[in-house]
S.K.: 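Quick one: structure below, then a few questions.
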Amino acid sequence: MPLIEQRVTINRSVTDIFRFMSDFGNNPRWQPSGMRLERVGKLRMGDMIVGQQRMLGRMHFVNADVVDLTPNQRLAYTGVMGGYNFRTTYDYNRVAGGTEVIIRTDIRIPWFMFFVRPFVLSGIRGQMATSLEKLKQVMEDRLDLSAPPPR
């Protein structure tokens, strides 16, 4: 599986960032407009996450399960997006000046799709970078993360 990795350092506590990211209701605040994952309530191991993600101009359904949940350290889910198996992991590390957030996505692209592989990987890499930039902006700009964003 190709591994795509992006990271960012955010001037905010690990607890704040983990709490915000593990509530999938916050996804529209920091994910690109083409990404929607749904999960209501507190996240637990084994929970199912469903939604949609835009990739290469098309919406793909996402169906995944939470497979690793260590508060303030790691959140991972694995499943299927469109016809592609994937695993996404969020790691949270305390660093000087805040928290380093690392997102890794492993995606299995069938061998016969070799001609679209570079486009798929590039699209996912770009979405991850955009998401982390937005996450940094949201986390550093907002004091009260429980309130809805201003319109």
Side-chain angles (χ1 to χ4, degrees), residues 1-45 47 49-60 62-82 84-109 117-151:
M1 275 196 226
L3 175 68
I4 303 165
E5 180 179 302
Q6 298 284 338
R7 58 183 67 216
V8 68
T9 300
I10 301 171
N11 187 16
R12 194 82 188 211
S13 74
V14 171
T15 304
D16 285 347
I17 295 171
F18 182 84
R19 186 180 314 124
F20 184 78
M21 291 179 71
S22 63
D23 179 353
F24 285 98
N26 289 324
N27 273 22
R29 294 182 184 182
W30 67 278
Q31 291 280 353
S33 60
M35 173 86 155
R36 295 200 189 356
L37 293 179
E38 299 172 11
R39 174 69 187 98
V40 177
K42 186 175 180 181
L43 198 61
R44 295 182 305 252
M45 281 288 291
D47 280 352
I49 302 166
V50 296
Q52 295 181 358
Q53 180 169 358
R54 183 173 304 280
M55 186 171 61
L56 297 176
R58 294 181 50 202
M59 289 301 283
H60 296 275
V62 176
N63 188 338
D65 297 311
V66 176
V67 294
D68 193 353
L69 182 63
T70 307
N72 301 326
Q73 294 178 11
R74 174 173 281 181
L75 167 61
Y77 51 94
T78 186
V80 177
M81 174 180 54
Y84 307 111
N85 292 328
F86 75 97
R87 178 184 173 105
T88 296
T89 304
Y90 303 134
D91 285 313
Y92 307 89
N93 301 315
R94 288 180 175 88
V95 296
T99 302
E100 179 183 47
V101 178
I102 305 167
I103 299 179
R104 293 181 184 93
T105 295
D106 295 320
I107 185 162
R108 183 160 304 194
I109 301 172
R117 175 180 267 185
F119 301 108
V120 171
L121 298 178
S122 176
I124 293 171
R125 193 173 291 113
Q127 284 181 337
M128 286 171 57
T130 301
S131 294
L132 284 179
E133 289 172 21
K134 180 71 172 175
L135 177 66
K136 180 177 176 70
Q137 176 189 358
V138 168
M139 294 301 296
E140 290 181 352
D141 288 351
R142 295 194 45 85
L143 298 176
D144 179 13
L145 295 174
S146 62
R151 293 193 180 241

S.K.: If I compare all heavy atoms of Val62 with all of Met81, which pair ends up nearest, and what's the gap?
M.R.: CG2-CG, 3.9 Å
S.K.: Looking only at non-hydrogen atoms, find the nearest pair between Arg12 and Asp16 and report the distance.
M.R.: NE-OD2, 3.0 Å
S.K.: Minimum heavy-atom separation for Gln31 and Tyr90, please, with both atom names.
M.R.: NE2-OH, 3.9 Å
S.K.: Let me confirm one number: the CE-CG distance from Met21 to Leu135, rounded to the nearest 0.5 Å.
M.R.: 5.0 Å
S.K.: Which residues satisfy the side-chain hydrogen bond (donor to acceptor under 3.5 Å, both in side chains) test with Arg7, sequence neighbours excluded?
M.R.: Glu5, Glu100
S.K.: Look up atom OH in Tyr77 and atom CZ in Arg87, then write down how far apart they are to the nearest 0.5 Å.
M.R.: 11.5 Å
S.K.: According to side-chain contact (heavy atoms from CB on, under 4.5 Å), who are the partners of Thr15, at least two apart in sequence or on a separate chain?
M.R.: Ser13, Arg19, Asn72
S.K.: Taking the side chain as C-beta and beyond, is there a heavy-atom pair between Thr78 and Phe86 under 4.5 Å?
M.R.: no
S.K.: Using the side-chain hydrogen bond (donor to acceptor under 3.5 Å, both in side chains) criterion, which residues pair with Thr88? Sequence neighbours excluded.
M.R.: Thr105
S.K.: In Å and rounded to the nearest 0.5 Å, what is the CD to OG1 distance from Gln6 to Thr130?
M.R.: 9.0 Å
S.K.: Look at the side chain of Asn85 and the backbone N and O of Val80, then say whether any donor-acceptor pair between them is shorter than 3.5 Å.
M.R.: no
S.K.: Could you state the interatomic distance from CG (Asn11) to NZ (Lys136), rounded to the nearest 0.5 Å?
M.R.: 7.0 Å
S.K.: Got a sec, which pairs hit salt bridge (charged side-chain N to carboxylate O under 4.0 Å, His left out) with one end in residues 118-130, sequence neighbours left out?
M.R.: none
S.K.: Restricting to salt bridge (charged side-chain N to carboxylate O under 4.0 Å, His left out), what partner residues turn up for Asp68, sequence neighbours left out?
M.R.: Arg74
S.K.: Hey, are the side chains of Thr89 and Leu75 touching, using non-hydrogen atoms and a 4.5 Å cut-off?
M.R.: no
S.K.: Atom CD1 of Ile10 and atom OG1 of Thr99: how far apart are they, to the nearest 0.5 Å?
M.R.: 7.0 Å
S.K.: Do you know the tightest heavy-atom contact between Arg44 and Leu69?
M.R.: CA-CD2, 3.7 Å
S.K.: For Val95 and Thr9, what are the C-alpha separation, side-chain angles and deciding distance, and is it a side-chain contact (heavy atoms from CB on, under 4.5 Å)?
M.R.: CA-CA 8 Å; Val95 296; Thr9 300; 3.8 Å; yes
S.K.: Could you give me the CA-CA distance, side-chain angles and deciding distance for Val66 and Leu43, then say whether side-chain contact (heavy atoms from CB on, under 4.5 Å) is met?
M.R.: CA-CA 8 Å; Val66 176; Leu43 198 61; 3.8 Å; yes
S.K.: Does Gln137 have any side-chain contact (heavy atoms from CB on, under 4.5 Å) partners at least two apart in sequence or in another chain, and if so, which?
M.R.: Lys134, Asp141
S.K.: With side-chain contact (heavy atoms from CB on, under 4.5 Å) as the criterion, how do Phe18 and Val101 come out once you've worked through the C-alpha distance, each side chain's angles and the decisive distance to 0.1 Å?
M.R.: CA-CA 9 Å; Phe18 182 84; Val101 178; over 6 Å; no
S.K.: Could you tell me if the side chain of Asn93 sits less than 4.5 Å from the side chain of Ile102, heavy atoms only?
M.R.: yes
S.K.: List the steps and the verdict of side-chain contact (heavy atoms from CB on, under 4.5 Å) for Ile4 and Met128.
M.R.: CA-CA 9 Å; Ile4 303 165; Met128 286 171 57; 3.7 Å; yes
